[in-house]
Amino acid sequence: MITRIVVALVALPFIILPIWFGGIWFALLALVIALAGGYEFYTLLTVGGYHPALPLGLLWLAALTLTGLQPEMTLLLPVLSVGFIVTYV
């Protein structure tokens with residue numbers, strides 16, 4: 001229990017500061033979190049007997065996450081979403 005509290009106190013500035021500064025720092029934080037979650041998800045798929053395209057899937061996930069920096073590109077999000085789904089097939 002104490003270990004979790006210490007880790008949370010150490011990690012808190014690394015989470016709060018990018019949110020506070022915003023812009024590219026927040027985008028990088030979101031990218032790191034998304035890629036960590038995507039890697040874990042693909043690892044679980046592999047353990048379950050599936051064979052997803054890990055590098056391609058993480059690349060698409062990074063592109064999807066970074067589309068938040070370009071909201072004026074309306075077709076970018078649907079195209080990347082379809083491509084990300086295709087990596088599961």
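Quick caveat: nothing in here was measured; it's all calculated off a predicted structure.
Among residues two or more places apart in sequence or in another chain, the ring-ring contact (aromatic ring centres under 6.0 Å, His included) test is passed with Phe41 by Tyr88. Here Ile16 pairs with Leu12 under the side chain to side chain contact (heavy atoms under 4.5 Å, CB included) rule; sequence neighbours left out. Considering only residues two or more places apart in sequence or on other chains, Tyr50 meets the side chain to side chain contact (heavy atoms under 4.5 Å, CB included) condition with Leu45, Pro52. Evaluation of the side chain to side chain contact (heavy atoms under 4.5 Å, CB included) rule for Thr43 yields Tyr39 as partners, not counting sequence neighbours. For Ala30, the side chain to side chain contact (heavy atoms under 4.5 Å, CB included) test picks out Thr65, with sequence neighbours left out.
The minimum heavy-atom distance linking Pro18 with Pro13 is given by the pair CD-O, 4.0 Å. Nearest approach of Leu58 to Gly38, heavy atoms of both residues: CD2-C, 3.8 Å.
No single ILVMFWY cluster, assembled from side-chain heavy atoms under 4.5 Å apart, contains both Ile33 and Trp60. Cluster annotation: Ile15 and Phe21 are assigned to distinct hydrophobic clusters (Ile/Leu/Val/Met/Phe/Trp/Tyr, side-chain heavy-atom contacts under 4.5 Å, transitive).
With contacts defined as side-chain heavy-atom distances shorter than 4.5 Å, the pair Leu61/Leu31 does not qualify. Residues Trp25 and Leu29 form no side-chain contact, since every pair of their non-hydrogen atoms from C-beta on lies 4.5 Å or further apart. At least one side-chain heavy atom of Leu64 sits under 4.5 Å from a side-chain heavy atom of Ser81. Put simply, the side chain of Ile2 reaches to within 4.5 Å of the side chain of Val6, judged on heavy atoms.
Note that CZ of Phe26 is 13.5 Å distant from CG of Leu17, once rounded to the nearest 0.5 Å.
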Exercise for review: Check step by step if side-chain contact (heavy atoms from CB on, under 4.5 Å) holds for Leu9 and Ile5.
Suggested key: CA-CA 6 Å; Leu9 290 175; Ile5 293 172; 4.1 Å; yes
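Residue pairs meeting the side-chain hydrogen bond (donor to acceptor under 3.5 Å, both in side chains) criterion with at least one partner in residues 3-21, sequence neighbours excluded, are absent.
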